[in-house]
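Comments concern the structure below.
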4 protein chains.
Amino acid sequence: MMSVTDTLSRAERKRAELRRDIIDASFSCFAEQGYHGTGIADIATRLGIGHGTFYRYFENKRDIIDHVLDDLVARIVGSLVTDNAPDAADSLDEYRRQVERISDALTAILLDDPRIPRLLLFEATGIDADLTQRLFGLLDTAAELTGGYLKHGVDRGYLRENLDIEGTAQAINGMILAAVVRSLRGHDKEDVDSVAAAIRSLMFDGIKSPE
Amino acid sequence: MMSVTDTLSRAERKRAELRRDIIDASFSCFAEQGYHGTGIADIATRLGIGHGTFYRYFENKRDIIDHVLDDLVARIVGSLVTDNAPDAADSLDEYRRQVERISDALTAILLDDPRIPRLLLFEATGIDADLTQRLFGLLDTAAELTGGYLKHGVDRGYLRENLDIEGTAQAINGMILAAVVRSLRGHDKEDVDSVAAAIRSLMFDGIKSPE
Amino acid sequence: MMSVTDTLSRAERKRAELRRDIIDASFSCFAEQGYHGTGIADIATRLGIGHGTFYRYFENKRDIIDHVLDDLVARIVGSLVTDNAPDAADSLDEYRRQVERISDALTAILLDDPRIPRLLLFEATGIDADLTQRLFGLLDTAAELTGGYLKHGVDRGYLRENLDIEGTAQAINGMILAAVVRSLRGHDKEDVDSVAAAIRSLMFDGIKSPE
Amino acid sequence: MMSVTDTLSRAERKRAELRRDIIDASFSCFAEQGYHGTGIADIATRLGIGHGTFYRYFENKRDIIDHVLDDLVARIVGSLVTDNAPDAADSLDEYRRQVERISDALTAILLDDPRIPRLLLFEATGIDADLTQRLFGLLDTAAELTGGYLKHGVDRGYLRENLDIEGTAQAINGMILAAVVRSLRGHDKEDVDSVAAAIRSLMFDGIKSPE
DNA sequence: CATGAATGAGCCTTCATTCAT
DNA sequence: TATGAATGAAGGCTCATTCAT
């Protein structure tokens, strides 16, 4: 016979599991049919649970998307952070390789499941002022992250001393966004890779012809 | 007494005027409350007309947003095309100045009415597969436009011979998008200008330190 | 130059003409799309007039159907009354022929334009208590008409003395209705004629086998 | 405490009950105010339920009338079939009595609730091409039923050998219809009975005077 | 705790009718 | 007089949310 704590923790585990499942199902529904096109019933049906159950785990329809976002961000950040400390590069070449690594990791995660960018860029917008603010916050975080790399490069001397770190970080992230959007259009890996290459080329060499 | 043609054209003028007003009011509503947050009644009320009147001018709610977009695109294109033929620049310096002019024009129109980018980037997404395709189409057009400038530069020799025109065009547009998004966050002109400057700097000089 | 009365009467003539046209167009619309399926605009469009004009000739949508019915009844009665005075038959044979004539006339008018029975039996019902009463009135009139023939036959001695004139008249009209309904089902003349023959056979000979 | 099956069957029972109630209420509303005059809200209000509940049980407004008809047909058929097998009569006298029994049963059910014929003949028409077809189908079924009796009589020899069974069946049903319509006009039982008697008289003896 | 029946606010859309031109 | 622009009552339907079981 099991102890009370075991039983409890089992119940808790099940509860946490279902919570996860609801988040995942919501993610799928939102990404595929849009936030407004998704009903609570759709989410519940996908899981084979009663739709009343949804409300035992989340406040309301608006509530769930926050958690879906949390989850996505965690996934993306997790896959990027590995082996990519901002201070890992000590020379332009190392930075180049680092950028390539990050680029590949991003490409991998986004191409792996296009519903991720789809949800972030298309379905999570226009729902709510609060949510919009949150998306802006994500952009900020991303810009800070990128800025961190740039700052390190400037400090180390392999990036331009007069680099406007913040502005450049935003510009770079914009280019990444462009590549992500492109990946959404059904283009295959090569297409995205070529844009990624163009971006790196632009970053490191600019566009002007060498005199 | 007026002639028949005058009367006709007066009625037509009134009709065209109201049509315009409905488009404008819809634009405002959609930009402020979102597409799903806007009811036909809201649009009508804003104009002080009966909501039935709306349906004399547009098929349905879905219909109007197409026209709002048409209108926006026309406005933006109109303000950009002036004095900015893709083949107007014959040297890097001229191109630099051209880019600056375009940048200023964009900044002007977007800062002038932040609801424009807000509608385009946040409220027009996630409504419809058709509409999404249309937005993609706009991105394509923009990329072609940018690509045209780049190609001219390569042909003239002031841009890198080996430039991946298409990819670079997309990257550049991504940066512009980033600036636009930044303009949405309540930053004032200086902020946006500084990002614009960083973009230009990145474009022309890249980020690496001159050896 | 014309005199005032001429002008007026011309105007009046035109007015009466349009009134007729509206009735006809309404008949067509109601018969084809049903009363509820027909909008005032449909009627006006069919005539190429403004739909506001409708209201200069008729009170409202409900009003017009009364006039459409008036028109139909006049048409049917007109085509039946000719050569079919209730007292025209003096023997069973003459009555038989008279019944056949009436039967043919009815068949002719109803098969000629199936929209007539369609409107009367399907589209004019269920609109209004008043209209229903009016349809009942038409049935009464028809029963009285039929009853007139029967009474004459009884008086003349070629129909059963103990005939329940009123009840039988209704029964006969019911059979006519059945034939009319049958004509509505896309059956051709032969079908309807065969039912008409069965009706006459039933009327004159009953169904039982001669002992 | 109840077992699971009990609970389930209780819920199912409640559900079936409400479904029935909605059909009944719809029947009442349609019969009293007409199909187009009835709103879903009317039906719901009559039952004291929310109008959203209606849509848990039926697809849409058009859907319910089919079920109302199903119900009516079942009721009518049920009350007729009893003790009235088409092959129960072996002589004219027996057939006469059978006809009388059927006549009485019909009279009973229709006079009992005049809304039944009212709905069938007045409110169910002109709604829909599909529904019209269905009504025609009912007429067909009725004609086949009547035809069955006739055929049996011809086979047994107590009805005319040369009887046009199909046509006569339709004629007879037309007379029944006439009686039903009469019953709708607020006439009491005697009136209807007298028409029924006239019909039987016509059926068996025809109208002509015995020579 | 899970369920799903019930609810009603809310929204889009139609169309008969009015009335200024 | 003819017109059609404007109107808003009316109604069908959806779906997020609640709550009794």
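Source: prediction; values computed, not measured. Each chain gets a letter, A, B and so on, in the order its sequence line appears, and its residues count up from 1.
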Give the rounded distance in Å between these two atoms: [atom1] of [X] and [atom2] of [N].
{"X": "A:Y35", "N": "F:dC15", "atom1": "OH", "atom2": "P", "answer": "13 Å"}
{"X": "C:H36", "N": "F:dG12", "atom1": "NE2", "atom2": "P", "answer": "12 Å"}
{"X": "A:D42", "N": "F:dC15", "atom1": "CG", "atom2": "P", "answer": "8 Å"}
{"X": "B:E12", "N": "F:dG4", "atom1": "CD", "atom2": "P", "answer": "12 Å"}
{"X": "B:I40", "N": "F:dA10", "atom1": "CD1", "atom2": "P", "answer": "21 Å"}
{"X": "C:D63", "N": "E:dT18", "atom1": "CG", "atom2": "P", "answer": "12 Å"}
{"X": "D:I65", "N": "F:dG12", "atom1": "CD1", "atom2": "P", "answer": "13 Å"}
{"X": "C:E59", "N": "E:dT18", "atom1": "CD", "atom2": "P", "answer": "9 Å"}

Considering every strand shown, what is the Watson-Crick or G-U wobble mate of E:dT14 when both distances are under 3.5 Å?
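Checking every strand shown, E:dT14 finds its partner in F:dA9, with both distances under 3.5 Å.
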
With both distances kept under 3.5 Å, what pairs with F:dT21, Watson-Crick or G-U wobble?
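F:dT21 is paired with E:dA2.
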
Want to settle it: does C:I49 or D:R62 sit nearer the 5' end of DNA chain F, counting the closest nucleotide to each?
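The residue closer to the strand's 5' end, by nearest nucleotide, is C:I49.
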
Position toward the 5' end of DNA chain F (nearest nucleotide), C:F54 or A:A41:
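Taking each residue's closest nucleotide, the earlier one in sequence belongs to C:F54.
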
Which residue lies toward the 5' end of DNA chain E, C:Y55 or D:K14, if each is placed at its nearest nucleotide?
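The residue closer to the strand's 5' end, by nearest nucleotide, is D:K14.
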
Quick check on DNA chain E: between B:K61 and A:R15, whose nearest nucleotide comes earlier from the 5' end?
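Taking each residue's closest nucleotide, the earlier one in sequence belongs to A:R15.
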
Would you classify [X] as touching base, sugar-phosphate or nothing, given that sugar-phosphate means primed atoms plus P, OP1 and OP2, and contacts are heavy atoms under 4.0 Å?
{"X": "D:Y57", "result": "sugar-phosphate"}
{"X": "B:G52", "result": "base"}
{"X": "C:T45", "result": "nothing"}

Grab the two heavy atoms, one from [X] and one from [Y], that are nearest each other, plus how far apart they are.
{"X": "A:T125", "Y": "B:F122", "answer": "OG1-O, 3.2 Å"}
{"X": "D:S26", "Y": "D:I43", "answer": "OG-CD1, 3.4 Å"}
{"X": "D:S28", "Y": "D:R115", "answer": "OG-NH1, 3.0 Å"}

Using a strict cut-off of less than 4.0 Å between a Lys/Arg side-chain nitrogen and an Asp/Glu carboxylate oxygen, indicate whether B:D66 and B:R134 qualify as a salt bridge.
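Answer for the salt bridge query: yes.
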
Side chain of [X] only, heavy atoms from C-beta on: which candidate in [options] is closest?
{"X": "A:N60", "options": "E:dT17, F:dT17, F:dT14", "answer": "F:dT17"}
{"X": "A:T53", "options": "E:dT13, F:dG12, E:dA2", "answer": "E:dA2"}
{"X": "B:L18", "options": "E:dT14, F:dT14, F:dA6", "answer": "F:dA6"}
{"X": "C:R56", "options": "E:dA16, F:dT17, F:dT3", "answer": "F:dT3"}

Determine whether a donor-acceptor pair (one donor, one acceptor, N or O, separation below 3.5 Å) exists between the side chain of B:H51 and the base of F:dA9.
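In this structure, the two groups form a donor-acceptor pair.
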
Answer yes or no on whether D:R15 is positioned over the face of D:Y57, meaning its NZ or CZ is under 6.0 Å from the six-membered ring centre and within 45° of the axis.
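Geometry flag: set, cation within 6.0 Å and 45°.
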
Cation-aromatic face contact B:K61/B:F54, 6.0 Å, 45 degrees:
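Not satisfied by the 6.0 Å and 45° rule.
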
